[in-house]
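For reference, the structure is listed below as structure tokens.
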Amino acid sequence: GAPVFLGMQAEGREWPTLFSPKAIARFDYVFSDGMTIVDHRGRRARLWIKEEVDIPDRQAFMNRLVDTIVGIIEREPIDLYVNPTYLPDELAADYDVLWTAARQQRVIEAAARCGVAIEINSRLRLPKADFIKAAKKAGVKFTFGVNNTDANLGRNEYSLRMVRECGLTWQDMWMPKPDGQKPVQFRGK
């Protein structure tokens with residue numbers, strides 16, 4: 001009865017096996033990200049925890065990350081892909097080199113094909129304008145977020161700047177699907 005949307009944060013790649021489709025469908029939306037992956041050693045790695053990140057080959061890591069993101073978008077019953085294009089601290093300085101146009105395009109095409117919206121994250125300042133413009137052109141919808149680690153949610157300054165810079169309108173923004181049209185209710189059928 002409250003005038004808010006209720007969301008489910010889905011972390012780890014096993015989450016769809018932990019909840020029934022009926023339980024998942026109770027939420028207005030489901031979101032996930034690629035910040036928890038299975039790394040080259042076959043281990044769970046939370047990319048924001050330095051001690052869990054092992055990157056002997058940067059290009060191989062990026063290929064694994066993009067494959068993981070595309071897999072999340074294609075196989076997990078999510079509405080929103082958040083913390084887009086996030087890189088662990090040891091790679092973040094080379095963002096523009098590592099997030100090639102081809103890698104970005106794979107993520108954008110998966111989101112467009114599967115109807116998954118992309119978050120514009122104000123705390124992380126991701127994704128960058130070129131990604132947003134390409135995603136808009138492909139018909140991807142957007143949401144705003146902050147991946148808050150504390151009570152300071154900010155004012156979505158980066159998201160609002162991207163709206164202006166990328167020419168986003170209200171038609172480019174995502175809205176929850178009605179019951180019966182949620183990803184968990186129609187994917188795989």
Side-chain angles (χ1 to χ4, degrees), residues 7-21 23-24 27 29-132 134-135 138 140 142-150 158 183-184 187-188:
M8 175 183 190
Q9 179 176 2
E11 183 185 339
R13 308 296 43 103
E14 73 285 355
W15 76 268
T17 66
L18 303 175
F19 302 93
S20 71
I24 296 168
F27 293 91
Y29 63 95
V30 178
F31 66 96
S32 193
D33 61 35
M35 292 174 69
T36 302
I37 67 168
V38 175
D39 70 10
H40 66 283
R41 302 166 296 184
R43 296 180 186 168
R44 179 187 199 99
R46 293 170 292 179
L47 300 181
W48 69 96
I49 300 174
K50 186 176 183 169
E51 297 76 27
E52 292 186 20
V53 178
D54 178 41
I55 306 175
D57 180 326
R58 296 155 70 86
Q59 296 302 325
F61 171 83
M62 286 303 298
N63 292 338
R64 179 180 293 277
L65 179 62
V66 172
D67 288 346
T68 298
I69 293 168
V70 169
I72 291 167
I73 292 170
E74 289 178 342
R75 292 188 293 277
E76 296 181 17
I78 63 170
D79 298 280
L80 317 174
Y81 183 75
V82 303
N83 304 315
T85 68
Y86 173 84
L87 292 177
D89 288 345
E90 69 183 85
L91 299 180
D94 292 325
Y95 178 98
D96 292 325
V97 172
L98 295 170
W99 268 110
T100 64
R103 287 177 174 139
Q104 291 182 44
Q105 195 58 37
R106 282 195 61 212
V107 173
I108 291 166
E109 287 172 359
R113 186 172 53 255
C114 297
V116 172
I118 299 289
E119 175 190 65
I120 301 172
N121 187 296
S122 280
R123 186 175 70 82
L124 299 173
R125 299 187 180 287
L126 297 173
K128 293 190 175 183
D130 57 342
F131 183 102
I132 295 168
V140 173
F142 300 94
T143 64
F144 297 162
V146 293
N147 192 23
N148 60 303
T149 56
D150 56 28
Y158 179 78
V184 71
R187 283 212 184 149

Can a side-chain donor-acceptor contact be found between Y81 and S32 if the only test is distance below 3.5 angstrom?
no
Taking side chain to side chain donor-acceptor pair (under 3.5 Å) as the definition, give me every residue that meets it alongside R44, ordered by chain and number, with sequence neighbours left out.
E14
Output all residues satisfying salt bridge (Lys or Arg N to Asp or Glu O under 4.0 Å) with D94, sequence neighbours left out; order by chain, then residue number.
R58
Look at D54 together with R43 and state whether they make a salt bridge at an N to O cut-off of under 4.0 Å.
no
Taking salt bridge (Lys or Arg N to Asp or Glu O under 4.0 Å) as the test, write out the residues that go with R123, two or more places apart.
none
For a 4.5 angstrom cut-off between non-hydrogen side-chain atoms, does L80 reach V30?
no
Less than 4.5 Å apart, any side-chain heavy atom of F61 and any of P88?
yes
With sequence neighbours left out, what residues match F19 under side-chain contact (heavy atoms from CB on, under 4.5 Å)?
M8, W15, I24
Salt bridge (Lys or Arg N to Asp or Glu O under 4.0 Å) filter on E74, not counting sequence neighbours, yields R113
Should the heavy atoms of other residues, nucleotides or ligands under 6.0 Å from CZ of R41 be counted, would the total exceed 12?
yes
Just jot down the salt bridge (Lys or Arg N to Asp or Glu O under 4.0 Å) partners of D96, sequence neighbours excluded, or say none.
K128
Is it true that E11 and T36 share a donor-acceptor pair across their side chains at a distance under 3.5 Å?
yes
Enclosure of D57 CG (heavy-atom neighbours >12, cutoff 6.0 Å)
yes
We want to know whether N121 and N83 form a side-chain donor-acceptor pair, criterion being a heavy-atom distance below 3.5 angstrom.
yes
Student check: side-chain heavy atoms of N147 and W48 closer than 4.5 Å:
no
Spacing of CG belonging to D33 relative to OG1 belonging to T68, to within rounding of 0.5 Å
11.5 Å
